[in-house]
Amino acid sequence: MKKNFTIDLIFEYILCAICIFYVIIGSITVKEGYIFSSLITLGTIIGIRIFFTACKIKLPISLNLTIQFFIFISMILGKINNFYGLFPWWDLFLHLVSGPVLVMVGYIIFIKINKKNIKNNVTAITIVMFSLFFGIAMAGCWEIFEFTTDKLLGLNSQGGSLQDTMEDIIAGTLGSIFMIPFLLKYLKYGKGAFFHNLTKSMIGENHKDYNKNN
């Protein structure tokens with residue numbers, strides 16, 4: 001079957017190529033930081049792809065592009081190009097932005113679980129709470145990931161500070177909460193082009209699963 005090279009997939013391949021480029025540069029210049037950070041970034045891109053493939057979820061192009069762009073600004077710009085060091089607010093900004101992205105991911109996972117009858121099976125509050133708690137939980141999981149890489153690879157993502165960790169989790173939580181009124185408005189009143197288009201795209205990309213329920 002011929003693979004469709006959509007804009008999100010092309011961007012994903014470009015990110016992988018950038019990571020490989022930095023691994024080569026790091027090997028030539030003997031900069032271990034380049035190598036470690038590039039491999040972690042590459043592993044993250046591949047890990048996300050494996051996760052959604054294993055869950056049999058085909059992400060909407062817009063959401064996948066958003067996720068890949070977030071990886072670019074957080075890991076390629078942030079870690080590899082040291083934006084964390086250049087801009088003291090960069091880390092907090094990224095965690096704040098990650099909240100809405102993770103709420104969207106939680107929401108489309110919930111759609112996948114409940115198929116086409118999402119609004120008939122459960123209440124709007126249930127969907128909202130799942131999406132919110134998913135975003136908050138992932139903010140905590142990311143801190144565990146950073147802690148692990150810091151300890152195993154000698155990195156300094158968390159600055160060795162509990163305060164930094166808590167600020168990041170709080171920022172991610174606030175970002176998640178910010179998205180909730182928009183999701184609730186869509187689920188209860190059917191208003192809001194953003195979540196309407198996201199839902200429509202999700203069903204369109206995974207139409208075979210939904211047609212089974214018709």
Side-chain angles (χ1 to χ4, degrees), residues 1-106 108-109 112 135 138-139 141-158 168 172 175 197-198 201-202 204-206:
M1 184 180 292
K2 188 176 180 180
K3 198 175 187 67
N4 293 322
F5 287 94
T6 53
I7 186 171
D8 60 321
L9 191 59
I10 293 173
F11 189 64
E12 188 175 327
Y13 287 157
I14 290 174
L15 292 187
C16 290
I18 291 174
C19 290
I20 294 172
F21 170 77
Y22 275 111
V23 168
I24 295 173
I25 293 298
S27 301
I28 294 174
T29 59
V30 196
K31 292 184 178 180
E32 295 182 351
Y34 270 12
I35 299 173
F36 288 149
S37 296
S38 300
L39 290 177
I40 291 172
T41 304
L42 186 61
T44 300
I45 296 171
I46 295 173
I48 291 175
R49 171 63 58 183
I50 292 174
F51 172 78
F52 284 109
T53 300
C55 293
K56 297 181 179 180
I57 297 176
K58 188 175 181 182
L59 289 173
I61 293 175
S62 59
L63 181 55
N64 190 37
L65 188 61
T66 300
I67 293 172
Q68 297 304 325
F69 182 73
F70 184 80
I71 291 174
F72 172 72
I73 63 175
S74 63
M75 304 192 77
I76 292 180
L77 293 184
K79 286 183 178 294
I80 301 176
N81 289 282
N82 194 34
F83 270 43
Y84 289 117
L86 295 174
F87 307 104
W89 47 267
W90 192 256
D91 185 43
L92 205 60
F93 163 73
L94 290 175
H95 283 279
L96 189 64
V97 172
S98 72
V101 177
L102 291 171
V103 166
M104 287 187 282
V105 172
I108 62 101
I109 289 176
K112 175 66 176 182
M138 289 301 100
C141 287
W142 181 257
E143 291 305 309
I144 294 174
F145 172 74
E146 286 191 338
F147 174 82
T148 302
T149 56
D150 283 356
K151 292 299 180 182
L152 294 179
L153 303 177
L155 303 177
N156 192 35
S157 303
Q158 295 184 309
D168 290 347
N197 292 333
L198 181 62
S201 298
M202 177 62 185
E205 293 289 353
N206 300 270

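Numbering of residues begins at 1 and proceeds along the displayed sequence. Nothing here was measured: the structure is a model prediction, and the numbers come from that model.
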So how far is it from [X] [atom1] to [Y] [atom2], rounded to the nearest 0.5 Å?
X   : Y   : atom1 : atom2 : value
I45 : I50 : CD1   : CD1   : 12.0 Å
T53 : K58 : OG1   : NZ    : 11.0 Å
T41 : I20 : OG1   : CD1   : 12.0 Å
N64 : F69 : CG    : CZ    : 14.0 Å
I18 : M75 : CD1   : CE    : 13.5 Å
K79 : D91 : NZ    : CG    : 8.5 Å

Determine the minimum heavy-atom distance between [X] and [Y], stating which atoms define it.
X   : Y   : answer
C19 : S38 : O-CB, 3.4 Å
S37 : I80 : CB-CG1, 3.8 Å
I7  : L65 : O-CD1, 4.3 Å
T29 : I25 : OG1-O, 2.7 Å
N81 : I76 : ND2-O, 2.7 Å
S62 : T66 : O-OG1, 2.8 Å

Are [X] and [Y] side-chain neighbours, meaning at least one heavy-atom pair lies under 4.5 Å?
X    : Y    : value
I108 : F52  : yes
F51  : I57  : no
Y84  : L94  : yes
P60  : L198 : yes
I71  : F11  : no
H95  : W142 : yes
L9   : R49  : yes

Over 12 non-hydrogen atoms of neighbours within 6.0 angstrom of CZ in F21: no

Test item: [X] side-chain N/O and [Y] main-chain N/O as donor-acceptor pair under 3.5 Å:
X    : Y   : result
Y34  : I24 : no
W90  : I73 : yes
K112 : K56 : yes

Walk me through whether I144 and T148 qualify under side-chain contact (heavy atoms from CB on, under 4.5 Å). CA-CA 6 Å; I144 294 174; T148 302; 4.2 Å; yes

Could you label the plane-to-plane angle of the W89 and F93 rings as parallel, tilted or perpendicular, counting under 30° as parallel and over 60° as perpendicular? perpendicular

